[in-house]
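Here is the structure we will look at.
Below, read A as the first sequence line, B as the second, and so on, with proteins coming before strands; counting in each chain starts at 1. This is a predicted model, so every value here is computed, not measured.
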2 protein chains.
Amino acid sequence: MNPNHDHVSAVDLHAAVDLRLRAAGLRNSRSRQVVVDVLVRAGRPLSLPEILDTDAELAQSSAYRNLGELVDAGVARRVESADDHARFELHESLTGHHHHLVCTSCGRVEDFDVPDDFEAGIDVMVDAAESQGFRIDAHRFDLLGRCARCA
Amino acid sequence: MNPNHDHVSAVDLHAAVDLRLRAAGLRNSRSRQVVVDVLVRAGRPLSLPEILDTDAELAQSSAYRNLGELVDAGVARRVESADDHARFELHESLTGHHHHLVCTSCGRVEDFDVPDDFEAGIDVMVDAAESQGFRIDAHRFDLLGRCARCA
DNA sequence: CTTTCTGCAAACGATTTGCAGCAGC
DNA sequence: GCTGCTGCAAATCGTTTGCAGAAAG
């Protein structure tokens with residue numbers, strides 16, 4: 001029922017993050033660990049302000065820079081919300097594939113799992129899409145509405 | 001197979017647009033007509049630069065302002081792509097419900113229809129989502145990849 | 001005429017980047 | 001000690017907005 005954020009155990013997760021950073025030629029610096037830890041604890045995609053609120057020791061520019069590098073290294077992923085702030089979450093290979101509930105009022109994003117047969121239906125459509133000339137390699141499915149606080 | 005952009009006939013479409021503008025207390029000015037016509041002809045969501053390229057007589061600020069008003073009036077809709085430009089298309093009530101193919105390289109967006117049973121599956125999930133505290137009123141489903149030009 | 005639009009230019013705000021000093025290995 | 005990382009402040013760039021003159025009705 002809850003999104004499976006334990007797709008990889010906590011220990012393995014940090015090991016995996018470390019590995020990917022090294023593979024990308026990046027140091028596992030303190031502020032990068034902080035960013036990753038914030039995302040792990042949140043369990044949902046966070047905006048830059050939300051990340052900074054969680055750990056005030058972090059400089060804004062460094063947070064942005066780290067997030068970009070984490071995305072490039074396959075550790076994090078950028079998520080589009082409904083307001084003018086991007087959100088960031090751990091890469092799906094670390095948390096498991098899932099989708100999002102997006103609040104169109106405040107921009108809050110929560111994870112949401114869908115049935116396997118729904119995912120199977122998506123695979124079928126990819127073939128149809130490729131006949132339109134696109135080479136498909138991902139999808140995004142979001143339910144939009146009002147979160148509990150904004151409803 | 002092709003997205004049904006003839007959900008409303010051309011004549012009815014302009015009448016419907018006119019009606020919605022009036023209902024919103026807006027005049028059906030020439031530049032608003034131009035913006036709507038560009039979107040109608042495109043048959044896919046366009047970025048601001050794409051809209052301006054199509055009709056150079058349009059001032060950038062007016063185009064942005066008109067698009068915002070058209071969105072508020074229920075005539076147009078903002079679509080998130082993969083680059084840093086928003087896209088705009090006619091409201092689904094005018095073109096019919098559809099989804100999008102998004103090029104992660106150039107940001108190009110094309111319309112894409114999905115089977116009815118897939119849409120039905122979405123309806124089922126809305127109930128599950130609302131048990132997480134969200135009041136759902138829309139969804140977005142995009143297939144992401146490389147368009148024919150970028151592949 | 002009065003109200004709404006338009007274009008120009010300036011303002012905004014999220015994100016990015018140059019640079020000088022600090023930290024990791 | 002190099003090399004990469006951080007923070008600060010400045011730059012970028014899509015988008016928004018104030019304002020004076022131009023259209024719509």
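Rounded to a whole Å, the CZ atom of F88(B) is 12 Å from the C1' atom of dT16(D). For R87(A) and dA14(C), the CZ to C1' distance is 12 Å, given to the nearest whole Å. One atom, CG of D84(B), and another, P of dT15(C), lie 11 Å apart when rounded to the nearest Å. As a whole-Å value, the separation of D83(B) CG from dT15(C) C1' is 15 Å. For L46(B) and dG14(D), the CG to P distance is 17 Å, given to the nearest whole Å. Atom-to-atom, CG of N66(B) to P of dT15(D) comes out at 15 Å; the value is rounded to the nearest Å. Between the C1' atom of dG25(D) and the CG atom of D18(B) lies a distance of 13 Å, rounded to the nearest Å. One can place CG of L48(A) at 12 Å from C1' of dT16(C), the figure rounded to the nearest angstrom.
Taking the ring centroids of F118(B) and F118(A), they lie under the 6.0 Å cut-off.
With hydrogens and angles left out, the side-chain atoms of D37(A) and H14(A) include a donor and acceptor closer than 3.5 Å. Remark: the S93(A) side chain and the R77(A) side chain contain no N/O donor-acceptor pair separated by less than 3.5 Å. A donor-acceptor contact under 3.5 angstrom links the side chains of E119(A) and H99(A), judged on distance only.
Residue Y64(B) has no polar side-chain atom (N or O) positioned under 4.0 Å from OP1 or OP2 of dT16(D). Phosphate proximity of dT15(D) to H85(B): present, with a side-chain N or O under 4.0 Å from OP1 or OP2.
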Could you go over nucleotides 20-25 of chain C and give all protein N or O partners under 3.5 Å, atom names and distances?
from	atom 1	to	atom 2	distance (Å)
dG24(C)	N2	R27(A)	NH2	3.2

Nucleotide N/O of nucleotides 7-11 of chain D paired with protein N/O under 3.5 Å:
from	atom 1	to	atom 2	distance (Å)
dG7(D)	OP1	E57(A)	O	3.4
dG7(D)	OP2	A59(A)	N	3.4
dG7(D)	OP2	S62(A)	OG	2.5
dG7(D)	N7	R65(A)	NH2	3.3
dG7(D)	O6	R65(A)	NH2	2.8
dC8(D)	N4	S61(A)	OG	3.2

Please tabulate, for the side chains in residues 141-151 of chain B, all donor-acceptor contacts under 3.5 angstrom to protein atoms that are two or more places apart in sequence or on a different chain.
from	atom 1	to	atom 2	distance (Å)
D142(B)	OD2	R140(A)	NE	2.7
D142(B)	OD2	R140(A)	NH2	3.3
R146(B)	NH1	C150(B)	O	3.4

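With salt bridges taken as basic N to acidic carboxylate O contacts below 4.0 Å, one links R108(A) and E110(A).
Pairs passing the side-chain hydrogen bond (donor to acceptor under 3.5 Å, both in side chains) check and including a residue from residues 64-73 of chain B, sequence neighbours excluded, read S31(B)-N66(B), R32(B)-N66(B), R32(B)-E69(B). The list of salt bridge (charged side-chain N to carboxylate O under 4.0 Å, His left out) pairs with a residue in residues 46-58 of chain B, not counting sequence neighbours, reads R44(B)-E50(B), E50(B)-R87(B).
Taking the nucleotide of DNA chain D with the nearest heavy atom to each of R78(B) and G25(A), the more 5' of the two is matched to G25(A).
Residues satisfying the ring pair (Phe, Tyr, Trp, His ring centres under 6.0 Å) test with H91(A), not counting sequence neighbours, are none.
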